[in-house]
Q: 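To start, I am sharing the structure in question, which I have written as structure tokens.
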Amino acid sequence: MILKKILLTWGTGYIGSHTALEFIEKWYEIVIIDNLYNSDISVLKNIEKITWVLPKFYEIDLKDKQNLEKVFKENKFDTVVHFAWLKAVWESCEKPFLYYENNIIWSLNLFELMLKYSVKNIIFSSSATVYDSTAWKAPFFENNITWKTTNPYGTTKLVIENILRDLSNHK
Ligand SMILES: NC(=O)c1ccc[n+]([C@@H]2O[C@H](COP(=O)([O-])OP(=O)(O)OC[C@H]3O[C@@H](n4cnc5c(N)ncnc54)[C@H](O)[C@@H]3O)[C@@H](O)[C@H]2O)c1
């Protein structure tokens with residue numbers, strides 16, 4: 001019995017592929033989108049070897065809103081799990097604009113389509129980098145968040161946390 005249909009952005013990535021296995025084992029139907037910037041298509045075959053299920057896959061960049069919308073038209077999702085992200089702290093310091101654009105701007109395409117197609121549930125992985133590690137020592141607590149992140153990667157996570165809070169309050 002299929003319980004729920006889930007869109008995984010980054011399902012061929014490191015954490016994504018493991019999460020895909022867990023969802024399939026619990027009988028969720030998953031659809032994966034990834035631009036394969038930091039992952040390999042062979043991951044899908046490995047998921048199939050373990051689970052006997054080959055997930056539906058779209059090679060799409062989140063910036064490609066037109067093709068992203070086709071995914072929403074072709075599938076009725078209950079939930080989006082959004083982890084597609086550039087995630088190297090050092091690289092974010094060298095190429096901050098790449099990180100702002102990929103992680104913040106292109107995530108907005110996803111959120112707009114979720115609202116348009118009434119997908120109300122999202123799981124979003126934030127990061128310990130949203131905490132100001134110069135002011136607080138781990139373990140961090142939610143009230144340790146300040147606006148003083150220490151690198152652009154952390155800033156992109158904190159901005160999206162706030163955007164998601166806005167959207168959940170007002171939509
Ligand atoms: N790995 C960790 O230790 C860790 C810790 C905290 C949070 N996270 C977060 O978990 C998430 C997944 O991390 P991971 O380690 O699996 O990373 P990963 O690099 O293995 O997976 C990210 C995937 O996103 C894809 N991607 C990036 N930009 C995209 C875009 N514009 N369109 C489509 N696909 C895109 C990449 O190709 C890659 O497959 C990230 O959001 C990361 O910030 C990871």
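Indexing begins at 1, ligand by ligand and atom by atom, following the structure's order. The figures here come from the full heavy-atom set of this structure, side chains too, leaving out hydrogens, waters and symmetry mates. Note that the numbering runs from 1 along the sequence shown for the chain.
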Q: Mind checking salt bridge (charged side-chain N to carboxylate O under 4.0 Å, His left out) for K73 and listing every partner two or more places apart, or none if nothing turns up?
A: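 K73 satisfies salt bridge (charged side-chain N to carboxylate O under 4.0 Å, His left out) with no residue once adjacent residues are dropped.
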
Q: Can you sort out the partners of E161 under salt bridge (charged side-chain N to carboxylate O under 4.0 Å, His left out), two or more places apart, ordered by chain and number?
A: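 None.
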
Q: So, using ring pair (Phe, Tyr, Trp, His ring centres under 6.0 Å) as the criterion, who are the partners of Y58 when residues are at least two apart?
A: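 Listed in chain order: nothing, the list is empty.
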
Q: Collect the protein residues that have a non-hydrogen atom under 4.0 Å from ligand 1 and hand them over in chain and number order.
A: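 Ligand 1 pocket, heavy atoms under 4.0 Å: W10, G13, Y14, I15, D34, N35, L36, Y37, N38, S39, I60, D61, L62, F83, A84, W85, K87, N102, S125, S126, Y153, K157.
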
Q: Which atom pair, heavy atoms only, marks the closest approach of F83 to F124?
A: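 Of all heavy-atom pairs spanning F83 and F124, the closest is CE1-C, 4.0 Å.
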
Q: Will you find, in the side chains of K4 and N121, an N or O donor that is under 3.5 Å from an N or O acceptor?
A: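 No, because no side-chain N or O of K4 sits under 3.5 Å from a partner of the opposite role on N121.
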
Q: May I ask you to decide if the ring planes of H82 and F111 are parallel, tilted or perpendicular, using 30° and 60° as cut-offs?
A: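 Rings of H82 and F111: perpendicular, as their planes differ by over 60°.
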
